[in-house]
Amino acid sequence: MIAKELFPGFYEFISEKDILTKLVYISLGKKEEKTRNKLMASVGNVTRDIYELLSSKVDITLEWNEGNHFNEPDRRMAKGFAWLLNHKEEYHGSKNR
């Protein structure tokens, strides 16, 4: 898959290693995979693959936002922090947080 060239070995790394968190928030713009650049066009599929892989290991959410990678990055970051803070209570005191 082309997008694996973005971060060579990353998918394999996360599939072979234990993840050291209980919460993962992934945010992607709906237009990020709609580009002529073949490498960037595969980002949606790779993100879905990573989501599927991690969904059996951690509490994870994948949020699709309007626009591309550069659309409202401050708002998207704030939404991610808010999601993590709202879910951290479930894991407060856990040894593997």
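One is the number of the first residue; the rest follow in order along the sequence. Computed from a predicted structure; not experimentally measured.
- Cluster annotation: V46 and W64 are assigned to the same hydrophobic cluster (Ile/Leu/Val/Met/Phe/Trp/Tyr, side-chain heavy-atom contacts under 4.5 Å, transitive).
- L53 and F13 fall within a single hydrophobic cluster, where Ile, Leu, Val, Met, Phe, Trp and Tyr are joined by side-chain heavy atoms under 4.5 Å apart, directly or via other members.
- To the nearest 0.5 Å, the span separating NZ on K30 from CD on E63 amounts to 9.5 Å.
- Note: the hydrophobic cluster containing V24 does not contain F81 (ILVMFWY, side chain heavy atoms under 4.5 Å, direct or indirect links).
- Here the straight-line distance linking atom CD1 of I26 with atom CD1 of I50 works out to 6.5 Å at 0.5 Å rounding.
- In terms of heavy atoms, S15 sits closest to E12 at OG-O, 2.8 Å.
- One hydrophobic cluster, built from ILVMFWY side chains closer than 4.5 Å, cannot hold both I60 and M77; they sit in different ones.
- Across every non-hydrogen atom of S27 and R76, the tightest pair is OG-NE, 3.0 Å.
- Between T21 atom OG1 and K57 atom NZ the span is 13.0 Å, to the nearest 0.5 Å.
- More than 12 heavy atoms of other residues, nucleotides or ligands shown are found within 6.0 angstrom of CG on D74.
- Looking only at atom types and distance, the side chain of N65 has a donor-acceptor partner in the side chain of K79 under 3.5 Å away.
- Between atom CH2 of residue W83 and atom NZ of residue K88 there is a gap of 13.5 Å, rounded to the nearest 0.5 Å.
- From K22, atom NZ reaches atom NE2 of H87 across 15.0 Å, with rounding to the nearest 0.5 Å.
- Considering CG of D59 and CG of L84, their distance stands at 9.5 Å, rounded to 0.5 Å.
- Atom CZ of R75 sits in a sparse spot, with 12 or fewer heavy atoms from other residues, nucleotides or ligands closer than 6.0 Å.
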